Amino acid sequence: MLFGRHLIEPDNFTLEELETIFTLAEKIEREGDYLRDSCKGKVLGALFFEPSTRTRLSFEAAMLRLGGTCLGFAEPSSSSTAKGESLADTVRTVSCYADVIVMRHPKEGAALLASRYSAAPIINAGDGGHHHPTQTLTDLLTIRQMRGSIDSLTVGFCGDLKFGRTVHSLAKALARYPHITMIFISPPELRIPRYITEGFAGIGVSYEETGDLEKVIGELDVLYMTRVQRERFFNEEDYIRLKDSYILNEEKMTMAKEDMTVLHPLPRVNEIAPEVDADPRAAYFRQAAYGMYVRMALLSSVLGVVC
Ligand code: NCD
């Protein structure tokens, strides 16, 4: 039962609850009209303190398709944050106007803090370099669709694993599924944080770290590429030095399995050459499309229009 629940980190939902969301999202995708207008009269508050294209618009599209309405802001300069209002006060206020709040903020822990002051459920759409659980719903649904199940897979994460919140959330979520091996591919400066992997050994999840994409690409069932997160760097020189550490192109794709799935949360900068887009293994735009269906399933569950 997800009615009224916050979603701050992927572990907030059990595997059974995730399964319910995926089944619902698949039904919504299959039957175009399913749940249409089920959220009539409900309001989504979208508070985006950081830029977004897919996450914000897919949430808004999801709510509109469910028959509800949306309010909020796409940048904090148009809200009272610019006058110095605290996040707690903003959230307390907006939760009087909205039935559910989706929020993106540059500070780690902001969504958790908001959940302590909000009268409405808070959905974390990214808190700094920490977590992004609804991208994980999208990623898991795409893996399920492309691979048939989330089981017995070798998943490679490549790029900025230090600041990439989508990587943190997906790695933590995948660790709960059976027989998953993770390979973390990054420059030493952008390694996956210990707080993500520290529990892995205790629950029998095997993983390795490397800097060499070409060495491991042939072992992967899923390759999750990521952008180097420029906005989280302390200086521009480091960003410039690291930004093109990995570029997936046709030549590297020839070293991969014939059925490897390429994912990317988007936006991409240089890390996937456009020539890869036409490769049937490239699933990142399909992934973006699933984002709306999975958010329709999430909103209708949190708002209690389905059980
Ligand atoms: C990601 C994010 O905001 O963390 N984008 C998204 O929501 N799909 C990835 C990124 O910005 O690199």
Side-chain angles (χ1 to χ4, degrees), residues 7-10 25 44 46-62 72-76 101-111 122-143 155-174 184-187 190 192-193 196 222-233 238-239 242-248 261-272 277 282-296 298-299:
L7 176 57
I8 309 300
E9 296 192 15
L44 170 73
L47 311 184
F48 279 75
F49 297 88
E50 269 194 346
S52 172
T53 299
R54 273 149 293 270
T55 305
R56 185 172 66 83
L57 296 180
S58 66
F59 262 113
E60 292 190 4
F73 51 82
E75 48 152 322
I101 293 177
V102 56
M103 190 188 111
R104 171 171 288 184
H105 197 282
K107 290 229 171 75
E108 288 79 10
I122 294 286
I123 298 175
N124 182 10
D127 60 327
H130 189 216
H131 277 294
H132 190 347
T134 71
Q135 181 63 43
T136 299
L137 299 181
T138 309
D139 301 339
L140 292 175
L141 177 63
T142 313
I143 293 173
V155 181
F157 292 89
C158 180
D160 185 347
L161 311 187
K162 179 179 181 185
F163 296 117
R165 56 196 174 193
T166 65
V167 170
H168 303 163
S169 289
L170 182 56
K172 281 208 82 173
L174 280 173
F184 297 108
I185 308 149
S186 72
L190 300 178
I192 186 93
I196 299 297
V222 176
L223 172 57
Y224 194 90
M225 293 297 294
T226 63
R227 162 182 83 88
V228 175
Q229 306 276 300
R230 180 182 201 159
E231 66 275 33
R232 315 239 181 264
F233 275 69
D238 284 347
Y239 169 71
L242 294 167
K243 72 184 171 73
D244 292 328
S245 299
Y246 303 98
I247 298 179
L248 184 67
T261 302
V262 183
L263 300 181
H264 191 306
L266 303 176
R268 79 171 137 187
V269 184
N270 281 331
E271 58 282 355
I272 302 182
D277 297 357
Y284 29 91
F285 288 109
R286 196 179 307 189
Q287 189 184 354
Y290 288 142
M292 183 183 72
Y293 298 114
V294 91
R295 288 175 175 116
M296 287 175 80
L298 175 65
L299 288 174

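When a ligand or atom number is given, it counts from 1 through the structure's own listing order. Computed from heavy atoms alone, side chains included, the values below leave out hydrogens, waters and symmetry copies. None of these values were measured; they are calculated from a predicted model.
Nearest protein heavy-atom neighbour of atom 4 (O) of ligand 1: R165 NE, 2.7 Å. Here the heavy atom of the protein found nearest to atom 11 (O) of ligand 1 is R227 NH2, 2.8 Å.
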*side chain to side chain contact (heavy atoms under 4.5 Å, CB included) between D277 and Y284, worked out*: CA-CA 8 Å; D277 297 357; Y284 29 91; 2.7 Å; yes
*Dump the intermediate steps for salt bridge (Lys or Arg N to Asp or Glu O under 4.0 Å) on E231 and R165, then the final yes or no.*
CA-CA 13 Å; E231 66 275 33; R165 56 196 174 193; 5.8 Å; no
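Shown in contact with T166 at under 4.0 Å from a heavy atom are these atoms of ligand 1, numbered in order with element: 1 (C), 4 (O). Listed by atom number, the atoms of ligand 1 under 4.0 Å from L266 heavy atoms are 1 (C), 5 (N), 6 (C), 8 (N), 9 (C). Heavy-atom contacts of T55 reach the following atoms of ligand 1: 6 (C), 7 (O) (cutoff under 4.0 Å).
Results of the side-chain hydrogen bond (donor to acceptor under 3.5 Å, both in side chains) test with E271 over H264, K243, R227 single out H264 as the only residue that passes.
Considering only heavy atoms from C-beta on, T261 stays 4.5 Å or farther from I143 through its side chain.
The shortest separation from a heavy atom of P267 to ligand 1 is under 4.0 Å, placing the residue in contact.
Distances between N or O atoms of R104 and those of ligand 1 include at least one value under 3.5 Å. Not one N or O of R54 is nearer than 3.5 Å to an N or O of ligand 1, by distance alone.
In the model, Q287 has a side-chain atom that pairs as donor or acceptor with a side-chain atom of D139 under 3.5 Å. T134 and R295 form a side-chain donor-acceptor contact under 3.5 Å, judged by distance and modelled atom types alone. Defined by atom type and a distance below 3.5 Å, a donor-acceptor pair is missing between the side-chain atoms of S169 and H132.
For Q135, every heavy-atom contact with ligand 1 shorter than 4.0 Å involves the side chain, none the backbone.
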